[in-house]
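Have a look at the structure below before the remarks.
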Amino acid sequence: MAYVRKNAGKLTREERRRFVNALLEIKRRGVYDEFVRLHLAYYTADGEEGLRAAHMGPSFLPWHRRFLLDLEAALQRVDPSVTVPYWDWTRDRTTTSTPWTDDLLGGNGRSPDRQVVSGPFAHAQGHWPIRVGVTDGVFLTRDLGRARDPITLPTKKDLDAALADKVYDTSPWDSTCTTGFRNKLEGWGTGKDHVPWRNHNRVHRWVGGAMLGGASVNDPAFWLHHAFVDLQWTRWQRRHKKSARYLPAAAPGPGDEQRGRVVARDERMPPWGVTPRQLEDVSGIYRYA
Ligand code: CU1
Ligand code: CU1
């Protein structure tokens, strides 16, 4: 029986409590910080050498899908009833709405140090020290809406523009793609317009603080955001039944600059060794409500 991932705003008080407790428990055991380390290790960009398994490439979606499944399994070892809820940022759009409540992720960071001071992940609670990161901050930070240089969350229209593209991804399979569902959702911009950050990336910008960059897993908001991103892949497949396959189907040929830099449909994706094909249909594992 597939389990259900729910809208964070629809969780009961008990479900919120159990989700938070499971997170705090895997943090206490040191398991959570391994997820932060892994994500940081896979933060390879276009301009660097090597395979881009997690970001700026077609396997952005299957990589994060598998990453979420691992986190969820770790939470379920603590409490089998827990699943990762999703944050629908097209609906919950203010700095005080879901998931920024004291019984879920806590609120915005304070000025001037952006420290989160409310909810279960506030530093003063003592349960959420930041140990792995690109800076040496020890507390969780947020800058919801980016106070000094305001940015808005992507809208339903922005998301629909990505979902409307019937091609999964296109050559050169990187952050410069202007067509293809994957980059329209992942959200790297061309720098030619006033909206350089779209959908997925724009949400990371909007949350700010710890959610920026390779150590963004330090904010548990990461999982709620990525569950919603993951849901979009399923929605897109449903909408474009015939063409809704992961691309590239085969690895780029000799002489192609992207050879060895992207994961094709049947190639193994590190660190797990699973293929994108194996992650295209997860209806036997979970579904979204
Ligand atoms: Cu990521
Ligand atoms: Cu992300």
Side-chain angles (χ1 to χ4, degrees), residues 5 8 23 32-48 50-72 74 84-90 92 99-100 105 130 132-135 140-144 146 151 153-154 158-159 162 169 173-175 177 180-189 195-236 246 261-263 269-272 274 276 279:
R5 290 184 181 167
L23 280 169
Y32 192 89
D33 288 333
E34 291 306 314
F35 286 92
V36 188
R37 276 191 198 95
L38 181 71
H39 190 263
L40 206 48
Y42 279 84
Y43 210 66
T44 305
D46 281 355
E48 300 171 88
L51 184 70
R52 299 186 310 276
H55 307 98
M56 297 186 171
S59 52
F60 166 71
L61 286 165
W63 195 95
H64 286 84
R65 174 166 283 182
R66 179 53 206 259
F67 192 47
L68 253 83
L69 281 167
D70 277 11
L71 182 274
E72 200 160 48
V84 177
Y86 64 88
W87 166 32
D88 180 348
W89 30 257
T90 68
D92 293 314
W100 317 113
L105 300 187
I130 305 299
V132 184
V134 282
T135 61
L140 180 62
T141 52
R142 288 181 190 136
D143 184 10
L144 304 183
R146 211 166 62 181
I151 184 174
L153 284 166
D158 296 328
L159 189 55
D169 205 353
W173 321 106
D174 63 8
S175 71
C177 296
F181 166 64
R182 188 273 309 168
N183 195 38
K184 285 183 181 172
L185 180 62
E186 188 178 3
W188 302 103
V195 209
W197 307 100
R198 295 174 197 282
N199 292 310
H200 155 265
N201 280 338
R202 194 174 180 86
V203 174
H204 278 276
R205 298 272 135 189
W206 186 88
V207 178
M211 270 285 266
L212 304 174
S216 50
V217 178
N218 276 315
D219 191 333
F222 177 93
W223 308 104
L224 281 71
H225 172 36
H226 270 275
F228 189 60
V229 170
D230 185 69
L231 164 57
Q232 306 316 313
W233 189 11
T234 305
R235 282 186 179 162
W236 176 83
Y246 179 94
R261 304 218 54 201
V262 300
V263 182
M269 193 173 60
W272 305 281
V274 293
L279 288 159

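What you are looking at is a predicted structure, and each value in this text was computed from that prediction instead of being measured. Along the sequence shown, the residues carry numbers beginning at 1. Atoms within each ligand, like the ligands themselves, are counted from 1 in listed order.
Under 2.8 Å from the Cu ion (ligand 2) lies no N/O/S atom of His225, from backbone or side chain alike.
Note: Trp223 and Phe67 have tilted aromatic rings, judged against thresholds of 30 and 60 degrees for the angle between ring planes.
Under the salt bridge (Lys or Arg N to Asp or Glu O under 4.0 Å) criterion, Arg182 pairs with Asp169, Glu186, sequence neighbours left out. Partners of His200 under the side chain to side chain donor-acceptor pair (under 3.5 Å) rule, at least two apart in sequence or in another chain, are His204, His226. With sequence neighbours excluded, no residue satisfies salt bridge (Lys or Arg N to Asp or Glu O under 4.0 Å) with Arg205.
Aromatic rings from Trp188 and Phe60 are positioned such that their centres are separated by 6.0 Å or more. Remark: aromatic rings of Tyr43 and His55 are close, center separation under 6.0 Å.
Here His204 contributes NE2 and His200 contributes NE2, and at the Cu ion (ligand 2) these two atoms make an angle of 100°, given to 10°.
Residue-and-atom listing of protein N/O/S atoms under 2.8 Å from the Cu ion (ligand 1), sorted by chain and number: His39 NE2, His55 NE2, His64 NE2.
A donor-acceptor distance shorter than 3.5 angstrom exists from the side chain of Thr141 to the backbone of Ala210, with no hydrogens or angles considered.
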